[in-house]
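Written below as structure tokens is the structure these notes are about.
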There are 2 protein chains.
Amino acid sequence: MFSLFFTHINQKVELSEAEQQEVKTFFAPKKLRKRQYLLQEGEPCKYLALVEKGVLRSYNVDSKGVEHIIHFAMEGWWMGDIYSFLSGEPSGYNIDAIEDAELLMITLEGFEEMMVKVPRMERYFRILFQNNIISKERRLISSISYTAEEKYLRLVESSPELLQRIPLNLVASYLGITPETLSRIRKKLAQKK
Amino acid sequence: MFSLFFTHINQKVELSEAEQQEVKTFFAPKKLRKRQYLLQEGEPCKYLALVEKGVLRSYNVDSKGVEHIIHFAMEGWWMGDIYSFLSGEPSGYNIDAIEDAELLMITLEGFEEMMVKVPRMERYFRILFQNNIISKERRLISSISYTAEEKYLRLVESSPELLQRIPLNLVASYLGITPETLSRIRKKLAQKK
DNA sequence: AAAATGAATTGATCTGGATCAAGGCTTTAT
DNA sequence: ATAAAGCCTTGATCCAGATCAATTCATTTT
């Protein structure tokens, strides 16, 4: 169960066997069926989850009822609403499974205790958060500076794995464009080649 | 010089007098005149800077020559291109002063040494990065889900300080809209009242 | 196996915000 | 003090991408 978990963590920090045993105690496994919610808007986000298997998405729903995907998470990625998780405030997001999924989850109490008991995990999360900032910044620039076609091409470039596994209407939502526009862009690019 | 600095840090973690002395040794002060660059596109970002006084902005320039503001930093805020800072790769950003500014700067070597020597600073940055993720996520949602008017209203709500100090053409760039559109939005809102 | 639901495509039309252009007002530089 | 540059506003026009609508082809569900 924890094999992918530690593979992932050891890419950023090295944990001793004892530390790994300690860390394990903070996490609980959970399975999610496709379409099942992990979090619904209005609830506080009680867990951060690492995806061991499957794909999740988080999204919000705007005043017109349109869904906007904030984030995907596949194997080795974390999922959760950090703001709600840390503050305890109700989340504005929904999180659900796009494919059947297996997760390892930690609560805020567990998270904070782990930071103190295993300082290497504090380092792990500092580094994880650094990388998260970098990728959010990229996406923001994409969203502000580029045309729909450029946004799509940047995604193809940066995350080809996603395009293999995720339906195009969800990719469109993630890019902040409509499925129709994405379809037309792909058609145009296919013809060009 | 370090008064604002420690006020800011002590809001997130508490440092002993000895730790404060230690931390000070990693930072160098720097003054910037209005319009002066801290970083130009193509250079690696050698420093993270905490703003003691004044206002900075970071921005990129798209293929049509249009500037897009990524981030503002006023007193107590950090500025830098984290990606370039950590990786050593050339930055795609420019950073300059909107007002005369005073900074405290740290290099990557200093940063990493400080993380080891003063573990409370590792905690400080983990928390800082957490908060940064939250605000970037908000901005991303704004950018993807909202109309120009809604984006402006959310900024008025969340960062009124910025609107007091920053010219409207730069605010427009930060919001990802044109100065003309912002001007029309403000006119409309003023009439409504 | 039939029916229902969901994903993707294509066409026709519409619109929010961009672009282009010009004028006034306020800093900054000489 | 005068010129130049930057900032903000207002008007006229344009366009990338949204919206609306219909069809086809999976994939579930019953």
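Only a predicted model underlies this, so the values are computations on that prediction, with no experimental measurement involved. What you see below is based on every heavy atom in this structure, not just the backbone, and it leaves out hydrogens, waters and symmetry mates. Chain identifiers are assigned alphabetically (A, B, ...) following the order of the sequence lines, protein sequences preceding nucleic acid strands; residue numbering begins at 1 within each chain.
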Q: Would you kindly check if the NZ (Lys) or CZ (Arg) of A:Arg139 is within the cone defined by 45 degrees around the ring axis of A:Tyr174 and under 6.0 Å from the six-membered ring centre?
A: yes
For [N] and [X] - does any side-chain N or O of the residue sit under 4.0 Å from the phosphate oxygens OP1/OP2?
X: A:Thr178; N: D:dG17; answer: no
X: A:Ser183; N: C:dA8; answer: no
X: A:Lys187; N: C:dT10; answer: yes
X: B:Asn169; N: D:dC8; answer: yes
X: B:Thr181; N: C:dA18; answer: yes

(Q) What does the B/S/- profile of nucleotides 21-30 of chain C look like, 5' to 3', with a 4.0 Å heavy-atom cutoff to protein? (A) B------S--
Value in whole Å for how far the [atom2] atom of [N] lies from [atom1] of [X]:
X: B:Ile185; N: C:dG16; atom1: CD1; atom2: C1'; value: 10 Å
X: B:Gln191; N: D:dT10; atom1: CD; atom2: C1'; value: 12 Å
X: B:Lys188; N: C:dG16; atom1: NZ; atom2: C1'; value: 11 Å

Q.
Heavy atoms only, 4.0 Å cut-off, all strands: where does B:Ile177 land among base, sugar-phosphate and nothing?
A. sugar-phosphate
Q: For residues A:Phe125 and A:Phe111, establish whether the separation of their ring centroids is below 6.0 Å.
A: yes
Q) Is there side-chain contact between A:Asn131 and A:Lys12, with heavy atoms separated by less than 4.5 Å? A) yes
Q) Does a salt bridge link B:Glu19 with B:Arg120, judged by any charged N lying under 4.0 Å from a carboxylate O? A) yes
Q: Check A:Phe27 against A:Met114 and note the closest heavy-atom contact, atom names and distance.
A: CE1-SD, 3.9 Å
Q. Under 3.5 Å, is there an N or O donor on one side and an acceptor on the other linking the side chain of B:Arg184 and the base of D:dG11?
A. yes
(Q) When you measure only distances, ignoring hydrogens and angles, does the side chain of A:Arg35 come within 3.5 Å of the base of D:dT28 through a donor and an acceptor? (A) no
Q. Are B:Phe26 and B:Glu113 close enough, and set up right, to give a side-chain contact (heavy atoms from CB on, under 4.5 Å), and what steps lead you there?
A. CA-CA 9 Å; B:Phe26 292 105; B:Glu113 195 183 333; 3.8 Å; yes
